[in-house]
Protein chains: 2
Amino acid sequence: MMDERQIFNDYIKSEGLKGTSQRAAVLDVFLGTEGHVSVDDMHRMLSRRKLKVGYATVHRTMKLIAQCGLARQVRFNDGITRFEHQYMHEHHHHLVCTQCGKVIEFNSDRIDDAEKIILRKYGFLMHSHRYDVFGLCKECQNKKAGSSVKSG
Amino acid sequence: MMDERQIFNDYIKSEGLKGTSQRAAVLDVFLGTEGHVSVDDMHRMLSRRKLKVGYATVHRTMKLIAQCGLARQVRFNDGITRFEHQYMHEHHHHLVCTQCGKVIEFNSDRIDDAEKIILRKYGFLMHSHRYDVFGLCKECQNKKAGSSVKSG
DNA sequence: AGTATATTGAAAATGACTTTCATTTTCGAG
DNA sequence: CTCGAAAATGAAAGTCATTTTCAATATACT
């Protein structure tokens with residue numbers, strides 16, 4: 001099993017790039033995250049750890065982390081690009097609660113099968129896909145129901 | 001069957017807004033479109049028809065058209081918001097060719113069924129969803145195969 | 001018609017990136 | 001090591017889609 005830092009360093013080398021403390025710091029912090037982090041999140045986490053890395057460098061490094069396959073870019077509908085782990089993480093889709101912002105990850109063999117059928121039908125060669133469902137999570141539905149009952 | 005202009009005007013009135021020639025022009029041009037149009041596209045089409053509507057107004061009006069349910073916002077991964085017809089148009093998903101930009105629309109009962117199962121499993125209340133597949137359309141695959149054969 | 005209120009559009013602002021460029025760092029060759 | 005070519009950094013400026021501002025204008029109730 002190849003270590004994530006190894007993958008990153010190999011990629012850096014294979015592209016003729018150089019290893020730097022900033023890149024190591026960004027990768028390090030990213031490896032400690034879960035879920036979906038924005039460049040802003042990353043920059044804040046780095047600052048909290050007293051790691052001073054410029055905004056532009058965080059951007060550039062996150063792009064590298066995505067390019068080498070360790071992260072996947074995710075864009076919901078707020079105009080912010082987020083990154084989630086891709087290495088050793090099963091691909092999944094998202095249920096995004098538009099109230100509280102929670103993101104539930106899901107998978108479905110049924111959907112995978114249906115997708116294969118669609119791709120065959122159109123002769124389409126898939127590189128990537130995303131299936132995002134927007135709505136209310138169970139908790140936010142309950143909150144809403146509760147408040148409307150009390151107010152009535 | 002309610003006319004689209006009627007729906008828009010009713011919405012305008014219900015929100016205490018006013019009818020203007022610019023709004024009518026934007027709606028008119030939008031009703032004549034197919035597929036996925038950006039604000040830029042709309043603005044260009046309006047100009048071609050000698051309808052001078054400011055950029056900001058086109059933006060504002062497209063938002064209204066979406067809000068009243070006539071259009072749906074679509075965002076692929078180029079940072080541009082596009083609008084597609086939603087009224088009297090079956091909901092569908094997209095196969096986006098990253099080479100030529102073509103967008104194939106698809107539907108699948110299998111996926112719809114699988115989605116229902118997922119929603120029930122997590123108790124999630126869906127408002128909207130999107131399923132976008134990125135890759136190469138049949139034609140672009142052939143072009144690629146042809147060129148590599150010839151170059152070899 | 002009169003008037004309160006919404007609309008328009010040009011220009012400025014916003015916000016998420018991206019690029020520029022002078023300075024600093026890295027790393028392979030000697 | 002130590003040079004030096006080449007890449008990286010980061011502050012600031014630039015992009016680019018979109019949004020807001022605000023003075024001038026249009027709309028639609030009385």
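Per chain, numbering begins at 1; letters A, B, ... match sequence-line order. Predicted, not measured: the structure shown is a model, and the values here were computed from it. Computation of the quantities below employed the complete heavy-atom set of this structure, encompassing side-chain atoms and omitting hydrogens, waters and symmetry-equivalent molecules.
- Look at CD1 on A/Ile12: it is 19 Å from P on D/dA6, rounded to the nearest Å.
- Each of D/dA17, C/dG9, D/dT9 was ranked by its minimum atom distance to the side chain of B/Thr57; first place goes to C/dG9.
- At the heavy-atom level, B/Arg60 lies under 4.0 Å from base atoms of the strands shown.
- If you take CD of B/Glu15 and C1' of D/dT27, they are 17 Å apart, rounded to a whole angstrom.
- Without hydrogens or angle criteria, A/His92 side chain to A/Glu90 main chain gives a donor-acceptor distance under 3.5 Å.
- When rounded to the nearest whole Å, the span between CZ of A/Phe76 and C1' of C/dA16 equals 17 Å.
- Across A/Gln73, A/Glu84, A/His85, a single residue satisfies side-chain hydrogen bond (donor to acceptor under 3.5 Å, both in side chains) together with A/His36, and that is A/Glu84.
- Side-chain N or O atoms of B/Ser108 include none that pairs as donor or acceptor with a backbone N or O of A/Ala114 at under 3.5 Å.
- Taking a 4.0 Å limit (strictly below) on heavy-atom distances, residues 37-56 of chain A reaches DNA chain D at A/Lys52, A/Val53, A/Gly54.
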Under 3.5 Å, which protein N or O atoms sit close to an N or O of nucleotides 22-26 of chain C? Give each pair with its distance.
{"residue": "C/dT26", "atom": "O3'", "partner": "A/Gly19", "partner atom": "O", "Å": "3.3"}
{"residue": "C/dT26", "atom": "O2", "partner": "A/Lys18", "partner atom": "NZ", "Å": "2.9"}

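- A straight line from NE2 of A/His59 to C1' of C/dG15 spans 10 Å, rounded to a whole angstrom.
- Along DNA chain D, the nucleotide closest to B/Arg82 and the one closest to A/Arg23 are compared, and the more 5′ of them pairs with A/Arg23.
- Atom pair B/Asp78:CG and C/dT18:P shows a separation of 13 Å (rounding to whole Å applied).
- In this structure, B/Arg49 contributes its side chain and B/Arg44 its backbone to no donor-acceptor pair below 3.5 Å.
- A side-chain donor-acceptor contact under 3.5 Å links B/Thr61 to the backbone of B/Thr57.
- When the P atom of C/dT8 is taken as reference, atom NZ of B/Lys63 falls 13 Å away, rounded to whole Å.
- Below 30°, between 30° and 60°, or above 60°: for A/Phe106 and A/Tyr131 the angle between ring planes is above 60°, a perpendicular geometry.
- In terms of heavy-atom proximity, A/Phe124 sits nearest to B/Val96 at CZ-O, 3.4 Å.
- Between the P atom of C/dC17 and the CG atom of B/Asn77 lies a distance of 12 Å, rounded to the nearest Å.
- Here A/His94 and A/Phe134 keep their ring centres 6.0 angstrom or further from each other.
- A donor-acceptor pair is defined here as one N or O able to donate and one able to accept, closer than 3.5 Å; such a pair exists between the side chain of A/Asn9 and the backbone of A/Arg5.
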Identify each atom pair where a protein N or O and an N or O of nucleotides 28-30 of chain C are less than 3.5 Å apart, giving names and distance.
none

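- Aromatic ring centres of A/His93 and A/His91 lie closer together than 6.0 Å.
- A donor-acceptor pair under 3.5 Å is formed between the side chain of B/Arg23 and the backbone N or O of B/Lys18.
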